[in-house]
> 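The following block contains the structure, expressed as structure tokens.
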Amino acid sequence: MTNLDWQFDAPFTDNWAIQDAHIDHYNHVNNVAYLTQLESLAWAHTNALGLRFEDYQALDSAMVIHRHELDYILPCHQGDELACSTWITACDGRLHLTRKFQFICLRRRKTVFKAKTEFVCARLSSGAPRRMPREFKDVYCGAVTGQ
């Protein structure tokens, strides 16, 4: 992923090969496919940082989506390969966490999609908001980059 124009340094990155199943009736990548990729990338990054869903369960805590901002910049098509990156750009250590995403088409070497997702910490058992457990603070706040 070198020589790509990332919006921040040190991205967590994974590639996404666009398949027929990702294509909608307009013959480009479906909006839902982008959301699925956001979730997959966020979980892969969380796992790479050392937190697993089993940790969420043991702590009765989760980072749940409060808000998405999605910017579809250029359409992508079957056969395209996207370099998909994410960064944690804010963590207040109490309730809120922000992730940003950027997808670059490797063929065109252009940004095709950007997103921002705001999360809040909640209890898995009830869905009620709660303060981040120490493990979340240490991992997520320690990973903040960019702005």
Side-chain angles (χ1 to χ4, degrees), residues 1-24 28-76 78-106 110-147:
M1 306 307 156
T2 59
N3 300 323
L4 294 177
D5 190 20
W6 297 119
Q7 58 186 339
F8 304 112
D9 291 333
F12 176 84
T13 306
D14 195 12
N15 281 8
W16 179 26
I18 305 303
Q19 306 295 317
D20 186 55
H22 304 127
I23 303 301
D24 64 15
H28 57 67
V29 177
N30 186 287
N31 298 343
V32 174
Y34 283 101
L35 285 173
T36 300
Q37 185 63 21
L38 289 182
E39 179 185 29
S40 177
L41 188 62
W43 269 116
H45 186 218
T46 292
N47 291 169
L49 291 172
L51 283 175
R52 306 253 181 253
F53 186 70
E54 294 80 10
D55 299 315
Y56 277 38
Q57 291 172 311
L59 296 166
D60 190 28
S61 299
M63 297 307 299
V64 298
I65 294 168
H66 171 70
R67 183 170 197 269
H68 280 304
E69 290 179 22
L70 309 172
D71 296 319
Y72 301 94
I73 300 164
L74 292 170
C76 291
Q78 185 173 349
D80 282 341
E81 186 171 4
L82 308 185
C84 303
S85 293
T86 188
W87 302 262
I88 296 172
T89 58
C91 178
D92 68 6
R94 295 183 305 277
L95 191 66
H96 299 278
L97 169 80
T98 302
R99 269 189 186 280
K100 290 190 179 175
F101 300 85
Q102 180 183 5
F103 295 3
I104 295 177
C105 177
L106 294 175
K110 292 185 183 247
T111 298
V112 296
F113 177 81
K114 287 185 179 181
K116 176 181 170 185
T117 302
E118 297 173 7
F119 297 84
V120 295
C121 191
R123 290 192 186 282
L124 275 175
S125 58
S126 67
R130 69 160 304 177
R131 285 190 169 272
M132 285 184 195
R134 167 68 49 203
E135 294 85 346
F136 281 24
K137 285 189 243 185
D138 291 347
V139 169
Y140 289 127
C141 292
V144 172
T145 187
Q147 293 299 323

> So do the side chains of Leu70 and Asn31 get within less than 4.5 Å of each other, counting heavy atoms only?
no
> Determine whether the aromatic ring centres of Tyr34 and Tyr72 lie less than 6.0 Å apart.
yes
> Show the nearest heavy-atom pair for residues Trp6 and Ser85, with the distance to one decimal.
CH2-OG, 3.0 Å
> Enter the distance from Leu74:CG to His28:NE2 here, rounded to the nearest 0.5 Å.
11.5 Å
> Just verifying a value: how many Å separate Thr117 OG1 and Ile88 CD1, rounded to the nearest 0.5 Å?
11.5 Å
> Would you say that more than 12 heavy atoms from the other residues, nucleotides or ligands in this model lie under 6.0 Å from the CD of Glu39, or not?
no
> Give me the atom names and distance for the closest heavy-atom approach of Lys100 to Phe8.
CD-CE1, 3.8 Å
> Report yes if the side chains of His45 and Trp87 come closer than 4.5 Å at any heavy-atom pair, otherwise no.
no
> Hey, are the side chains of Phe12 and Thr145 touching, using non-hydrogen atoms and a 4.5 Å cut-off?
no
> Can you check side-chain contact (heavy atoms from CB on, under 4.5 Å) on Tyr56 and Met63, steps first, answer last?
CA-CA 9 Å; Tyr56 277 38; Met63 297 307 299; 3.9 Å; yes
> Given Thr111 and Gln7, is the side-chain contact (heavy atoms from CB on, under 4.5 Å) satisfied, shown in steps?
CA-CA 10 Å; Thr111 298; Gln7 58 186 339; over 6 Å; no
> Measure across Ala122 and Arg130 and return the closest heavy-atom pair with its distance rounded to 0.1 Å.
C-CG, 3.8 Å
> Rounded to the nearest 0.5 Å, what separation is found between the CZ atom of Phe136 and the CZ atom of Arg131?
15.0 Å
> Can any side-chain N or O of Asp55 pair as donor or acceptor with the backbone N or O of Arg52 at less than 3.5 Å?
yes
> Let me confirm one number: the CG-CH2 distance from Asp80 to Trp16, rounded to the nearest 0.5 Å.
10.0 Å
> Give me the atom names and distance for the closest heavy-atom approach of Asp24 to Val29.
OD2-O, 4.0 Å
> If you compare all heavy atoms of Asn15 against all heavy atoms of Ala83, which two are closest, and at what distance to 0.1 Å?
OD1-CA, 3.7 Å
> For residues Ala17 and His22, report the shortest heavy-atom separation together with the two atoms involved.
O-CE1, 3.6 Å
> Should Val144 and Thr98 count as side-chain neighbours, where that means a heavy-atom distance under 4.5 Å?
no
> Using side-chain contact (heavy atoms from CB on, under 4.5 Å), reason through Asp71 and Lys116 one step at a time and then give a plain yes or no.
CA-CA 9 Å; Asp71 296 319; Lys116 176 181 170 185; over 6 Å; no
> Checking side-chain contact (heavy atoms from CB on, under 4.5 Å) for the pair Thr46/Arg99: CA distance, chi angles, key distance, verdict?
CA-CA 11 Å; Thr46 292; Arg99 269 189 186 280; 3.3 Å; yes
> Just verifying a value: how many Å separate Leu82 CG and Phe103 CZ, rounded to the nearest 0.5 Å?
7.5 Å
> Report the distance from atom NZ of Lys110 to atom SG of Cys105, rounding to the nearest 0.5 Å.
10.5 Å
